[in-house]
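To start, the structure under review is shown below, and the notes come after it.
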Amino acid sequence: MSAAAQAQVPFTFSESTAGYVVERRGREVVLRTLDDRRVTVHLTDTTHGQQLRNLGRPYEDVSGRLYELLLPGRFVFSYGPVYPDAAGARFQAAQLVLVNDAEGVWPFERPGWWTEQLAQLATFYRRSQFGDGPVDFGDYRTVISGSGGKTEQHVQETDTISRMVYGMASAYMLTGDEKALEVAEQGSRYLHDHMRFVDPDEDVVYWYHGLDVTGGREHHLFASEFGDDYRAIPAYEQIYALVGLTQTYRLTGSPEILADIEGTVRLFEKFFADRRLGGYYSHIDPVTLSAFHESLGPNRARKNWNSVGDHAPAYLFNLLLATGEERYRRMLEHTFDMIVTHMPDRSSPFVQERFHADWTPDREWGWQRDRAVVGHNLKIAWNLMRMQGMLPKREYLALAERLGTTMPAVGRDAQRGGWYDMVQRQEQDGLHPFVWHDRKTWWQQEQAILAYLILAGNTADKAFLAHARESSAFYNAFFLDHDEGGVFFTVLAQGLPFLVGDERLKGSHAMAMYHKAELCFLAETYTQLLINQEPLDLYFRPEPGARFPGGLLRVAPDVFPRGRVVLDQVLVDGAPYHDFDAEAMAVRLPHSEQRLRVQVRLRPVKG
């Protein structure tokens, strides 16, 4: 090619832009980005468009109607070549995803969107693990390929089983699907029979890291095999061992499950808790059960966000919702008091996440150093708002609102939408640089959606609602795998799937069914009860001999401010039932030798 011909080839790169349509001038569409800039996108004869769709729904092509649909107020994702020029850049639209409709309705705010997505996820994971046959957790695999197929890796990790159990229990609670309940109960039984260790001398329960089933023989892995926690018992593994058990207990009232949960809580209080300075240590030695043993190396005498804060979302809120017991409320209050006391930092918009035993910040630990995980900050905001609903404190609300207000400027992609992974906590040259990359992971999008939904629902702040909608739009546009099923682990900044290494998998040490199921369950809950102020139906399946304190089936799906939501209707085995406390959202169960099917309708109290 001649030099003259080469000079005619423009330099380009492909890029995404997210924004609201401001105006259309012929083939030019002006978008207002999330940070209120104006970007002009140029349509061509080959620009194609689609409507945002849910898992399990067919592709809806709108290419022939773009000029009709691109009206002011429509939220759009555009992807295509960008031609840098003297004026800045020229954005060409190769693909468009249209999100809200002409009336301004966002599809994921319609009743049932998140419920339908959760049902699709439950079908995907049941099929991946058990095919069309019976549910047999002996054949469970931690590692699942991107297409949902099993791999030859034979270590069954306790936490990933528990996370799948959580997803299935949540699917039953929203849909009443007995197949999902079967998986939840079978998984809970498998955890009890194969992954649990009872120490009668200390009167505690703790959970193996996993089970190696190579060659059909069981070999227990007592300490963690994961690099950050190798040969230790990390608090977060014990915490997440309870996530599925607690959600299943809410449905069934199983005394056996409750005993396992209570035994593990005693483990936390006896061996992880710091009785002098508060909080919970991140690791203990597997032999001495001490947080100060030399074998722990860099994890010796440490505390972190996971060991203190993750109790709340993983199991403690749900355990309190199921039992109503004061001791769990006090434990929740303690963890949140520790968060608001020790984690905020005036020198950074982000919280501190790692600490020495005396709560001195640890800025040298491993990969974290002085770096911020964006999703952890959002997760703290979300859970503080939950706690604020149950036990209002000025400190809880102040930190939640501060994080909710500051995070978009430092953790969100204002050009393309979505939330980043890790950035430097301290500002450098006017920004917080990426630690490794600008990719976006699925679980951090979840934390953003839930944080801003509950902030919007409990403060009526329109900016928070906009963040919730924009975050939900990015997640639903780019993380749903419409070809193979499930949800992508990671996408590039532009929203394209990143299918490299472990991040191509649908099941791994880091990914199971939990976060995406939690998102669906609580996004449906918050959207209907707090945002739309519409009723929500839930399902429960108490077994004969169910052990609920006071004989009360407590049916609140999450913690709400007092008087915000009430129990409106109850059906027991399909018949109307009236022995319930509307404000406490509790059903006094009738005596029965048979298993009951309880369907409830919750109703928001409109002010």
Side-chain angles (χ1 to χ4, degrees), residues 12-18 34 50 52-55 59 77-82 94-97 99 117 120-121 124-125 128 142-149 151 153 160 163 226-228 367-368 371-376 378-379 410-424 432-449 470-520:
T12 65
F13 58 92
S14 293
E15 188 56 280
S16 296
T17 304
L34 308 190
Q50 62 172 302
L52 185 74
R53 56 174 168 148
N54 205 351
L55 273 179
Y59 178 91
F77 293 102
S78 173
Y79 178 79
V82 178
Q95 306 171 38
L96 295 174
V97 179
V99 181
Q117 190 172 124
Q120 290 289 322
L121 291 170
F124 175 84
Y125 279 98
S128 295
T142 297
V143 178
I144 296 296
S145 73
S147 62
T151 67
Q153 198 264 13
T160 60
R163 286 164 165 158
F226 190 52
D228 290 350
W367 52 262
Q368 180 128 34
R371 300 161 177 167
V373 180
V374 172
H376 287 168
L378 295 164
K379 194 173 190 180
V410 295
R412 182 189 60 170
D413 186 338
Q415 163 87 19
R416 312 172 187 93
W419 295 81
Y420 294 121
D421 180 10
M422 284 190 68
V423 297
Q424 300 293 345
H432 295 269
F434 300 116
V435 175
W436 293 296
H437 55 72
D438 62 354
R439 300 194 295 271
K440 301 160 186 174
T441 59
W442 94 103
W443 73 267
Q444 307 212 45
Q445 315 311 308
E446 178 219 0
Q447 307 307 317
I449 295 167
E470 292 156 3
S471 302
S472 297
F474 187 87
Y475 180 84
N476 283 285
F478 299 112
F479 277 88
L480 308 185
D481 186 346
H482 296 288
D483 297 318
E484 304 288 359
V487 169
F488 295 118
F489 189 116
T490 307
V491 300
L492 300 176
Q494 296 91 337
L496 302 177
F498 181 75
L499 305 176
V500 178
D502 287 350
E503 292 176 69
R504 74 191 189 281
L505 302 172
K506 297 289 172 57
S508 65
H509 171 84
M511 184 188 226
M513 193 180 167
Y514 169 59
H515 282 294
K516 37 194 169 291
E518 180 181 60
L519 169 60
C520 292

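For His482 and Tyr59, the ring centers are positioned 6.0 Å apart or more. Here the two rings, on Phe489 and Phe479, have centers that are 6.0 Å apart or farther.
Judged by distance alone, the side chain of Gln447 and the main-chain N or O of Gly375 form no donor-acceptor pair under 3.5 Å. One N or O on the side chain of Thr151 and one on the backbone of Val143 form a donor-acceptor pair closer than 3.5 Å. A donor-acceptor pair is defined here as one N or O able to donate and one able to accept, closer than 3.5 Å; no such pair exists between the side chain of His432 and the backbone of Val423.
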Run the numbers on Val82 and Phe13 for side-chain contact (heavy atoms from CB on, under 4.5 Å), then give the verdict.
-> CA-CA 5 Å; Val82 178; Phe13 58 92; 3.7 Å; yes

Could you go step by step and tell me if Arg53 and Leu480 meet the side-chain contact (heavy atoms from CB on, under 4.5 Å) rule?
-> CA-CA 9 Å; Arg53 56 174 168 148; Leu480 308 185; over 6 Å; no

Passes side-chain contact (heavy atoms from CB on, under 4.5 Å), Phe434 versus Arg371? Steps please.
-> CA-CA 9 Å; Phe434 300 116; Arg371 300 161 177 167; over 6 Å; no

Step by step, work out the side-chain hydrogen bond (donor to acceptor under 3.5 Å, both in side chains) result for Gln445 and Ser471.
-> CA-CA 7 Å; Gln445 315 311 308; Ser471 302; over 6 Å; no

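Note: Phe488 CZ to Asp481 CG = 3.5 Å, rounded to the nearest 0.5 Å. Residue Ile144 holds its CD1 atom at 9.5 Å from CD of Gln153, rounded to the nearest 0.5 Å. Note that CD of Gln494 and OG of Ser14 are 8.0 Å apart. Values are rounded to the nearest 0.5 Å. Here Leu52 contributes atom CG and Asn476 contributes atom CG; the two are 5.5 Å apart, rounded to the nearest 0.5 Å. To the nearest 0.5 Å, atoms CZ (Phe77) and OG (Ser16) are separated by 9.0 Å. Atom-to-atom distance recorded for Thr441:OG1 and Trp419:CH2 is 13.0 Å, nearest 0.5 angstrom.
By the 4.0 Å N-to-carboxylate-O rule, Asp413 lies close enough to Lys440 to be salt-bridged with it. Here Arg416 pairs with Glu15 in a salt bridge; the nearest charged N to carboxylate O distance falls below 4.0 Å. By the 4.0 Å N-to-carboxylate-O rule, Lys506 lies too far from Glu484 to be salt-bridged with it.
Of all heavy-atom pairs spanning His509 and Thr142, the tightest one is N-CG2, 4.0 Å. Of all non-hydrogen atoms in His376 and Trp443, the two that sit nearest each other are CD2-CH2, 3.5 Å. Taking all atoms of both residues into account, the shortest heavy-atom contact from Leu121 to Cys520 is CD1-SG, 4.1 Å. Nearest heavy atoms, Ala94 versus Pro81: CB-CD, 4.4 Å. The nearest pair of heavy atoms linking Leu492 to Arg439 is CD2-CD, 3.9 Å. Taking all atoms of both residues into account, the shortest heavy-atom contact from Leu505 to Ser145 is CD2-CA, 4.0 Å.
Side-chain atoms of Gln120 and Asn54 include no donor-acceptor pair closer than 3.5 Å. Donor-acceptor pairing under 3.5 Å is recorded for the side chains of Trp367 and Asp228. A donor-acceptor contact closer than 3.5 angstrom links the side chains of Thr17 and Gln415.
Remark: of the listed residues Gln444, Arg163, Glu446, Glu446 is the sole one forming a side-chain hydrogen bond (donor to acceptor under 3.5 Å, both in side chains) with His515.
A heavy-atom distance below 4.5 Å is found between the side chains of Arg412 and Leu34. Under the 4.5 Å side-chain criterion, counting only non-hydrogen atoms from C-beta, Leu96 is not in contact with Tyr79. At a threshold of 4.5 Å between non-hydrogen side-chain atoms, the residues Tyr420 and Val410 do not count as touching. Side-chain contact between Met422 and His437 is absent, with no heavy-atom pair separated by less than 4.5 Å.
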